> 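Attaching a single structure in structure tokens format; questions to follow.
In this text, all values refer to a predicted model and were calculated from it rather than measured experimentally.
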Amino acid sequence: MKQYLSSLNERDELDVVLPDVLSEIGFNVISRPKRGTTQYGVDVVAIGPHPTTGQKSLFLLSIKSGDLTRDEWATGKQALRPSLEEILEVYIPKHRHARHKDLPIIIALCFGGDIQEDVRLRVQGFTEKNTIAGQVEFEEWNGDRIAEMMVSGLLRENIFPKDMQNSLRKAVAFVDEPAICVTHFTELLRQIFATPPKNHAVRVRLARQIYLATWTIFVWCRDAGNLESAYKVSALSVLWTWDLCHDHIGPGAKGKELAEVVDKTIGLSRGIAALFIQTHVEPYSQAIDGLGMSVPSSASIDINLKLFEVLGRVSIHGLWLLWMRGVVKDADGAMQLEQEIEKLLALIASIIDKNKTFEAPVRDDHAIEIALASLFLLRCGTADYLAAWLRNVMRLSIFSYRTHGAYPCILREYGELAVHPRQSDGYREEVTAGSILYPTLALLMSIFDDADGFRELEEFRSKSMNHSTWQFWIPDDTTEQHLYRNTAIHGSAITQLNTAAGPEKFIEQVNNEITAAVDFGSLSAITRGAWPLVLIACHTHRLPVPIHFWAAGPESNQETLAPSEISLTEDTG
């Protein structure tokens, strides 16, 4: 735990984790770190018991990362000593709230590592000189002390039982083996959900445990230079936290507290995704087949599977940016967001153009990644580019099928995909018995009014795919219960798709199905304006993207699919 703390950065990491730790051990955190405001040396303000007398005291925390060295003690704007001087000279006499005037003050020097020996005497001299008995005291909260708090608070037996501790430790131990790490982390989530929370306090505690456990995995993954486990774990954390909290988010203090935890979990997931893209995608995006060559395997199936997985991740990140565009209110933030969207749009276009693998899906359910990318590209106003890419996907998939190449199939197991396609009687019909890929392409071609492309696809269906059930998936009245944690099969299939009558009739049929399938609109992620969560669930649990997400049409540049676009930390009414 101490190693984990010492590797945290000061901003947006240690100063995010520490207030939650204090809350878990009984402190009342009344002020958290804020951007763009003068804090006069204080990062966190909390009310808690005096360590020796137990008297109610005011704790002022000044937080630094890693070890406290001579430079970090006295040199530069972010040094600790100037921050302490600001607390003594400005915060305590001028900025302290009136209701805290009578409380004894404890100034906590917080850092994830240790005080180096060559600076210890300087720190000791400063604190002894400025201590006022009964009024102002100093405490050293180093990595050992904070780790002890975490163990006594978050990991104590009645909050985080031993079997849960074991699951977390195993997940951390296998961060370099993503499948094993995710298995142990999922077991931790199951243990957290084993007993339904009895009250608000328990619910908040469980949500914070998920959040901090995810942080732990992320930091170890970052230090190991492998973000695969962190990405997968963070997606699960967002979905399970939402399932835990969404019914209780509201305008009251308790509802806002839960909303804050959900917001932070989503923010962490988005941050991990951004770092994954920056580290593992951007450096390879400009070279021809660069992304494919970055896969540590020469097997075409490995490259195909990994590249489509990456496409889905990049697209979801882009869709979150579009979601943010609906909630950001300040002009500077909106401008920065537009720049991020434009950058990501260029990135997706570059990797699609330079890696022809994206025109040759091997798994039929790569329709999920294609749909996610299409949603982002459509809402960025690139319908012509998207239509050209999808036409290539369609033609190469048809060509591969007719020539017995690596055509899209319904197989999921790696061992079966590795030897696909087999040359045996009835094999092609068996592994193409159903499809969500081809109807997705048909729907998008209908939206683009690509009559020639639609005609090619319908001809392929009538001559070569009569045996295949082309279908869409829609949520039903059980989906809300099972979508986020994937606890059971749910939803319905639309199988009687009419492509023979042409694109206009096909669009009409899809619109009628959208109108009739009202359960989509009752999903909590939709009613509360957090619609990207549905797409994360589809990508994580391998569910087709609901056809409702195409309702806005290609001409729309707005996220009109959710009833409201709101921040989860605002009143939801």
> Report yes if some heavy atom in the side chain of L61 is under 4.5 Å from a heavy atom in the side chain of V45; otherwise report no.
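The answer is no; the side chains never approach within 4.5 Å.
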
> Where do L305 and H366 land on the side-chain contact (heavy atoms from CB on, under 4.5 Å) test, with the steps shown first?
CA-CA 9 Å; L305 296 177; H366 281 156; 4.0 Å; yes

> Restricting to non-hydrogen atoms, name the atom on V238 and the atom on L533 that form the minimum distance, rounded to 0.1 Å.
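V238 and L533 have their closest heavy atoms at CG1-CD2, 3.1 Å.
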
> Quick one: closest heavy-atom pair of Q191 and M164, and the distance?
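Closest heavy-atom pair between Q191 and M164: O-CE, 3.1 Å.
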
> Hey, does the side chain of R528 reach the backbone of H246 with a donor-acceptor pair shorter than 3.5 angstrom?
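The answer is yes, because a donor-acceptor pair under 3.5 Å joins these two groups.
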
> Taking T186 for the side chain and V182 for the main chain, is one N or O donor matched with an acceptor at less than 3.5 Å?
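Side chain of T186 to backbone of V182: a pair is present.
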
> With a 4.5 Å cut-off on side-chain heavy atoms, are F185 and S237 touching?
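Of all side-chain heavy-atom pairs linking F185 with S237, at least one is under 4.5 Å.
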
> Please determine whether a side-chain nitrogen of the Lys or Arg among E413 and R363 lies less than 4.0 Å from a carboxylate oxygen of the Asp or Glu.
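No.
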
> Spell out, as yes or no, whether a donor-acceptor pair under 3.5 Å connects the side chain of D332 to the backbone of M335.
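It does not hold such a pair.
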
> Hey, is the main chain of T69 close enough, under 3.5 Å, to the side chain of D67 for a donor-acceptor pair?
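Such a contact is absent between D67 side chain and T69 backbone.
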
> Could you verify whether a donor N or O on one side chain and an acceptor N or O on the other, from H248 and R203, lie under 3.5 Å apart?
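Judged by distance alone, the side chains do pair up.
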
> Between atom CG of L188 and atom CZ of F193, what is the distance when rounded to the nearest 0.5 Å?
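Nearest 0.5 Å value for the CG-CZ distance: 10.5 Å.
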
> Test your reading of the model: is there a side-chain donor-acceptor pair from D289 to the backbone of G292, 3.5 Å cut-off?
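No, D289 side chain to G292 backbone: no donor-acceptor pair under 3.5 Å.
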
> So V314 and L344, do their side chains get closer than 4.5 Å, heavy atoms only?
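Answer yes - side chains close enough.
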
> Please round to the nearest 0.5 Å and tell me the distance separating atom CG of D519 and atom CD1 of I474.
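Separation between the atoms: 8.0 Å.
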
> Below 4.5 Å, heavy atoms only, C-beta onward: do L258 and H200 meet side chain to side chain?
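Yes; the side chains approach each other to less than 4.5 Å.
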
> Mind listing the closest non-hydrogen atom pair of G41 and S62 along with its distance?
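Looking at all heavy atoms of both residues, the shortest contact is O-OG, 3.2 Å.
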
> Considering residues at least two apart in sequence or located in another chain, which fulfil the ring-ring contact (aromatic ring centres under 6.0 Å, His included) criterion with F376?
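Partners of F376 by the ring-ring contact (aromatic ring centres under 6.0 Å, His included) criterion come out as none, since no residue qualifies.
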
> Check the orientation of W320 and W323. Use parallel for under 30°, tilted for 30 to 60°, and perpendicular for over 60°.
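Answer is perpendicular, since the angle exceeds 60°.
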
> Within the side chain of H539, is there an N or O that forms a donor-acceptor pair under 3.5 Å with the backbone of E369?
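Not a single qualifying donor-acceptor pair exists.
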
> How close do A171 and H184 get, counting heavy atoms only, and between which atoms?
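Of all heavy-atom pairs spanning A171 and H184, the closest is N-CB, 3.8 Å.
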
> Can you see whether S524 engages E480 through a side-chain donor-acceptor pair at a distance of less than 3.5 angstrom?
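Short answer, yes.
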
> Any side-chain heavy-atom pair from Y211 and T241 closer than 4.5 angstrom?
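Heavy-atom side-chain distance check fails, nothing below 4.5 Å.
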
> Could you tell me whether R313 and E309 have a side-chain N and a carboxylate O separated by less than 4.0 Å?
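Salt bridge between R313 and E309, a charged N being under 4.0 Å from a carboxylate O: yes.
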
> Walk me through whether T265 and T214 qualify under side-chain contact (heavy atoms from CB on, under 4.5 Å).
CA-CA 9 Å; T265 306; T214 307; 5.7 Å; no

> I would like to know whether F111 and I63 meet side-chain contact (heavy atoms from CB on, under 4.5 Å); could you show each step before the answer?
CA-CA 6 Å; F111 38 91; I63 301 173; over 6 Å; no

> Quick check: does any side chain N or O of S294 sit under 3.5 Å from a backbone N or O of L291, one acting as donor and the other as acceptor?
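Looks like yes, one N/O pair under 3.5 Å.
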
> Counting C-beta onward and ignoring hydrogens, is there a side-chain heavy-atom pair between E282 and I277 closer than 4.5 Å?
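Heavy-atom side-chain distance check passes, below 4.5 Å.
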
> State, to 0.1 Å, how close S315 and L311 come at their nearest heavy-atom pair, and which atoms those are.
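Distance-wise, the nearest heavy atoms are OG-O, 2.7 Å.
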
> Under 3.5 Å, is there a donor on one side chain and an acceptor on the other for T487 and H482?
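Yes.
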
> Among side-chain atoms of N226 and E228, is any donor-acceptor pair under 3.5 angstrom?
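Judged by distance alone, the side chains do not pair up.
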
> Please determine whether a side-chain nitrogen of the Lys or Arg among E187 and K170 lies less than 4.0 Å from a carboxylate oxygen of the Asp or Glu.
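Salt bridge flag = no for K170 with E187.
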
> Going by heavy atoms in the side chains, are L239 and I536 under 4.5 Å from each other?
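Side chain of L239 against side chain of I536, heavy atoms only: contact under 4.5 Å found.
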
> May I ask you to decide if the ring planes of Y231 and F276 are parallel, tilted or perpendicular, using 30° and 60° as cut-offs?
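Because their plane-to-plane angle lies in the 30° to 60° range, the rings of Y231 and F276 count as tilted.
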
> Would you name the heavy atoms of N304 and A360 that are closest together and state the gap between them?
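Looking at all heavy atoms of both residues, the shortest contact is ND2-O, 2.7 Å.
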
> Relative to the ring of F520, is the ring of F549 parallel (under 30°), tilted (30 to 60°) or perpendicular (over 60°)?
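Taking F520 first and then F549, their aromatic rings stand perpendicular (interplane angle over 60°).
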
> Side chains of I217 and S234: does their closest heavy-atom pair fall under 4.5 Å?
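The answer is no; the side chains never approach within 4.5 Å.
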
> Among I368, I370, I410, D365, find the one that has a side-chain contact (heavy atoms from CB on, under 4.5 Å) with L437.
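The single option meeting the side-chain contact (heavy atoms from CB on, under 4.5 Å) with L437 is I370.
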
> Does a donor on one side chain and an acceptor on the other come within less than 3.5 Å for D353 and S350?
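No, no side-chain donor-acceptor pair sits under 3.5 Å.
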
